[in-house]
Number of protein chains: 2
Amino acid sequence: MARPRAFDETQILNAAQEQFWDAGYAATSMEDLMQVSGLGKGSIYAAFGDKRQLFLRALRNYIEGNHEQLRRVLSDTPRAIDALRMLLDAPVDEGADSGVRRGCLLANSTCELGNADPEVLALAHATYETSTELIADCISRAQDEGGLPAQSDAIGLARAILTAQQGIVYMSRTGMTTAALKATSRSLADHLLPAHSGA
Amino acid sequence: MARPRAFDETQILNAAQEQFWDAGYAATSMEDLMQVSGLGKGSIYAAFGDKRQLFLRALRNYIEGNHEQLRRVLSDTPRAIDALRMLLDAPVDEGADSGVRRGCLLANSTCELGNADPEVLALAHATYETSTELIADCISRAQDEGGLPAQSDAIGLARAILTAQQGIVYMSRTGMTTAALKATSRSLADHLLPAHSGA
DNA sequence: GTCATTATTGACCGTGCGGTCCACAATAGT
DNA sequence: ACTATTGTGGACCGCACGGTCAATAATGAC
């Protein structure tokens with residue numbers, strides 16, 4: 001009954017996400033977004049509202065993707081303890097080859113906007129709460145499997161792992177060599193997850 | 001022979017630093033800087049060049065202050081192991097009462113500008129290299145004092161502690177409660193610095 | 001084919017930005 | 001007191017930004 005959309009909304013969100021991830025919120029102009037999306041300005045505004053709303057949707061899109069991946073890793077890895085170690089290793093590989101270390105979009109956004117935009121802050125808070133629970137579940141599994149001492153507080157340890165991971169993500173942006181980064185992630189994993197599996 | 005400055009350069013740098021810390025680089029306008037410094041636009045440009053240069057000086061100012069404080073804590077604390085624990089505790093107290101958790105200016109700046117401004121990135125890299133060395137020295141001291149096992153790699157452990165600290169700094173910005181934050185810092189300290197001193 | 005409806009485009013707008021400049025103020029030397 | 005020199009403040013500039021809008025294109029219903 002009317003002219004159909006010529007673009008896929010998710011595709012645009014992905015493109016916007018990449019752009020915001022590369023440059024940050026403030027440093028991304030509508031021109032940039034037009035370029036990476038291939039859309040005219042009017043189409044973007046008609047479809048998403050304004051820059052901030054597009055950003056928020058792209059950010060939510062990113063978070064969902066991240067959580068999906070987290071869930072997959074945590075549940076698909078045979079030994080739970082290995083999954084936990086992977087959490088600390090993952091940021092090291094991210095973009096190691098391409099040389100561009102842009103960290104985590106949510107972390108970047110929280111740093112840039114967390115003080116000024118309550119919605120971004122709330123998104124960050126909720127995300128890390130969920131992450132903590134997912135990780136804690138995995139810790140319980142590791143305890144059941146005997147990979148971790150049973151007495152330790154799963155939520156507390158989950159928070160420590162998450163915090164360490166965020167530390168690694170950040171340090172990866174500071175020009176640390178991949179080798180140093182790898183060693184650090186390993187060191188943190190060894191300290192936080194005492195029993196580890198082989199070489 | 002000429003009209004003297006009516007302001008103290010360091011004072012302006014401190015004011016600018018606070019402003020950039022509160023709002024970030026892009027979200028700070030020259031108007032903001034005029035307001036917090038009490039200076040006219042012309043004076044700022046005459047004294048500091050442009051916005052970016054003022055920012056870089058404010059950032060360097062911040063870094064120097066931070067390192068001074070780090071040095072002081074690391075050397076003035078009687079037992080080195082306690083100093084190391086303090087590194088992880090410090091971010092928790094920072095701004096806990098006022099409620100504003102603005103993290104670390106250098107970290108914020110690196111997240112916002114690290115990809116786009118090589119100078120900021122270089123500053124971050126150099127800073128963390130220095131921090132790592134300072135912490136490593138303190139670790140050696142802790143080993144000499146018997147507070148830490150002597151066999152562990154000081155630099156590696158220093159990097160792990162620094163990374164964990166940055167993780168805590170970041171998590172403090174995500175709306176975590178002070179209690180959870182405190183528990184996390186304690187947990188990380190306990191895992192990274194096995195031997196600790198009393199209740 | 002006609003029409004109603006929605007998508008698309010790009011010209012256009014007002015605003016706030018970083019940055020410049022100039023008239024004026026304040027000092028030190030003589 | 002006069003002058004040279006530098007600091008100060010704010011008016012001013014051009015620009016790029018986010019955002020709007022109207023003309024046009026593409027579809028489905030009938």
Side-chain angles (χ1 to χ4, degrees), chain A residues 1-60 108-109 112-113 115-120, chain B residues 1-59 105 108-109 112-113 115-120:
Chain A
M1 186 175 167
R3 178 175 177 174
R5 286 235 169 117
F7 62 89
D8 174 20
E9 200 159 288
T10 318
Q11 226 160 9
I12 303 301
L13 281 179
N14 286 337
Q17 171 188 313
E18 292 295 319
Q19 173 60 38
F20 283 125
W21 200 351
D22 280 335
Y25 178 77
T28 291
S29 70
M30 286 308 299
E31 193 103 8
D32 292 332
L33 293 168
M34 289 167 62
Q35 202 121 20
V36 300
S37 67
L39 261 54
K41 201 175 271 196
S43 300
I44 297 182
Y45 275 83
F48 299 100
D50 60 3
K51 185 187 171 185
R52 179 169 168 275
Q53 286 180 56
L54 172 57
F55 169 74
L56 286 174
R57 288 202 51 186
L59 183 55
R60 284 193 216 103
N108 297 351
S109 305
E112 184 181 354
L113 306 168
N115 277 350
D117 192 329
E119 200 146 346
V120 171
Chain B
M1 186 177 169
R3 179 174 177 174
R5 285 236 169 117
F7 63 89
D8 175 21
E9 199 158 291
T10 320
Q11 227 161 6
I12 303 301
L13 282 180
N14 286 335
Q17 172 188 313
E18 292 295 318
Q19 174 60 38
F20 283 125
W21 200 352
D22 279 337
Y25 178 78
T28 291
S29 69
M30 287 307 300
E31 192 104 9
D32 292 331
L33 293 168
M34 288 167 61
Q35 202 122 20
V36 300
S37 67
L39 262 52
K41 202 176 269 197
S43 301
I44 297 182
Y45 276 84
F48 299 100
D50 60 4
K51 185 187 172 186
R52 178 169 169 276
Q53 285 180 56
L54 172 57
F55 169 75
L56 287 174
R57 288 203 50 185
L59 183 56
L105 175 60
N108 297 351
S109 306
E112 183 181 354
L113 306 169
N115 277 350
D117 191 329
E119 200 147 346
V120 171

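Sequence lines set the chain letters: A, B, ... in the order given, protein chains first and strands last, and positions in each chain run from 1. All heavy atoms count here, side chains included; hydrogens, waters and symmetry mates do not.
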Separation between CG of A:Asp117 and CG of A:Leu59, rounded to the nearest 0.5 Å:
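CG of A:Leu59 is found 9.5 Å from CG of A:Asp117.
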For residues [X] and [Y], determine if any side-chain heavy atom of one lies less than 4.5 Å from a side-chain heavy atom of the other.
{"X": "A:Glu119", "Y": "A:Leu56", "value": "yes"}
{"X": "A:Met34", "Y": "A:Leu39", "value": "no"}
{"X": "B:Leu54", "Y": "B:Tyr45", "value": "no"}
{"X": "A:Leu13", "Y": "A:Phe48", "value": "yes"}
{"X": "B:Ser109", "Y": "B:Phe55", "value": "yes"}
{"X": "A:Val120", "Y": "A:Tyr25", "value": "no"}

Could you list all N or O pairs between the protein and nucleotides 9-12 of chain D that sit under 3.5 Å apart?
{"from": "D:dG9", "atom 1": "OP2", "to": "B:Gly40", "atom 2": "N", "distance (Å)": "3.3"}
{"from": "D:dG10", "atom 1": "O6", "to": "B:Gly42", "atom 2": "N", "distance (Å)": "3.1"}

Above 12 or not: heavy atoms from other molecules or residues under 6.0 Å from CD of B:Glu9?
yes
Do you know the tightest heavy-atom contact between B:Lys51 and B:Thr28?
NZ-O, 2.7 Å
Pull out every residue in residues 5-33 of chain B that has a heavy atom closer than 4.0 Å to any atom of DNA chain D, ordered by number, or say none.
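DNA chain D contact set from residues 5-33 of chain B: B:Arg5, B:Ala6, B:Phe7.
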Looking only at the side chain of A:Arg3 (C-beta and beyond, no hydrogens), which of the listed nucleotides C:dT20, C:dT8, D:dT8 gets closest?
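Of all the options, the side chain of A:Arg3 is nearest to C:dT8.
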Whole angstrom value for the distance that separates P of C:dC13 from OH of A:Tyr45:
17 Å
Separation of D:dG18 P from A:Gln53 CD (nearest whole Å):
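It is 15 Å, rounded to the nearest whole Å.
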Kindly give the atom pairs (protein nitrogen or oxygen, nucleotide nitrogen or oxygen) under 3.5 Å for nucleotides 28-30 of chain C.
{"from": "C:dA28", "atom 1": "O4'", "to": "B:Met1", "atom 2": "N", "distance (Å)": "2.2"}

Any Lys/Arg nitrogen of A:Lys41 or A:Glu31 sitting under 4.0 Å from an Asp/Glu carboxylate oxygen of the other?
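So A:Lys41 does not pair with A:Glu31 through a salt bridge.
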Toward the 5' end of DNA chain C, which comes first, A:Ile44 or B:Gly49, by nearest nucleotide?
A:Ile44
